[in-house]
Undergrad: 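Would you mind keeping the following structure in view while I ask a few things?
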Amino acid sequence: MASLIHERCFNHARREAVARCPECGRFFCRECVTEHEGRVVCAACLGAQLHPAPIRSSLFGRLLLGFQVVVGLSGLWLIFYFLGEVLLTLPSSFHEGTVWRDTFEEKP
Ligand SMILES: [Zn+2]
Ligand SMILES: [Zn+2]
C-alpha cells in the first residue's frame with residue numbers, strides 16, 4: 001500500500017488518497033469514501049449501487065427468461081419421456097430373476 005502515498009484524491013487534487021475504490025479503481029481521500037457492506041467504495045459507486053440503473057428492455061428480458069424456462073422444462077420432459085420409453089422396451093426377462101428370487105424367499 002506504499003503506492004497510496006503518491007496518489008491523490010480523485011475529487012480533491014491537494015489531498016492524499018487513503019483508499020482505492022474497488023469498483024472504479026480510482027483513489028480517494030478519507031472524505032470521499034464510504035464503507036458499505038464491508039467494502040470501502042467512493043460516493044459515486046455507492047450511489048450507483050444504491051440506485052442501480054434500470055435494466056434496459058426489461059420486458060424483452062422477461063420474455064427471454066420465460067422462453068429459456070420453457071425450453072429447459074421441455075428438454076427435461078423429453079429426457080424423462082425417452083428414459084421411460086427405453087425402460088418400457090426392456091425385455092420382461094430382464095426382471096424375471098428378481099421375481100423368481102422373491103417368490104423363492106417367501107416360501108420357507
Ligand atoms: Zn468508485
Ligand atoms: Zn476527496
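Indexing begins at 1, ligand by ligand and atom by atom, following the structure's order. Residues take their numbers from the sequence shown, with the count starting at 1.
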Undergrad: Checking side-chain contact (heavy atoms from CB on, under 4.5 Å) between F67 and each of L65, V71, V70, L63, which is the one that passes?
TA: V71

Undergrad: Looking only at heavy atoms, which two atoms of C21 and C42 are closest? And how far apart?
TA: SG-N, 3.6 Å

Undergrad: With the 4.5 Å side-chain cut-off for hydrophobic clustering, are L59 and L64 part of the same group?
TA: no

Undergrad: Do the non-hydrogen side-chain atoms of C32 and F10 ever get within less than 4.5 Å of each other?
TA: no

Undergrad: Using the ring pair (Phe, Tyr, Trp, His ring centres under 6.0 Å) criterion, which residues pair with Y81? Sequence neighbours excluded.
TA: W77

Undergrad: Name all pairs fulfilling the salt bridge (charged side-chain N to carboxylate O under 4.0 Å, His left out) condition that reach into residues 25-35, sequence neighbours left out, sorted by first residue then second.
TA: R15-E31

Undergrad: Have a look at the Zn ion (ligand 2) and estimate, to 10 degrees, the angle subtended by SG (C32) and SG (C9).
TA: 110°

Undergrad: Just jot down the side-chain hydrogen bond (donor to acceptor under 3.5 Å, both in side chains) partners of E23, sequence neighbours excluded, or say none.
TA: R39, Q49

Undergrad: Suppose the cut-off is 2.8 Å; which protein N/O/S atoms would you list for the Zn ion (ligand 1)?
TA: C21 SG, C24 SG, C42 SG, C45 SG

Undergrad: Of all N, O or S atoms in H12, identify the one at the shortest distance from the Zn ion (ligand 2).
TA: ND1

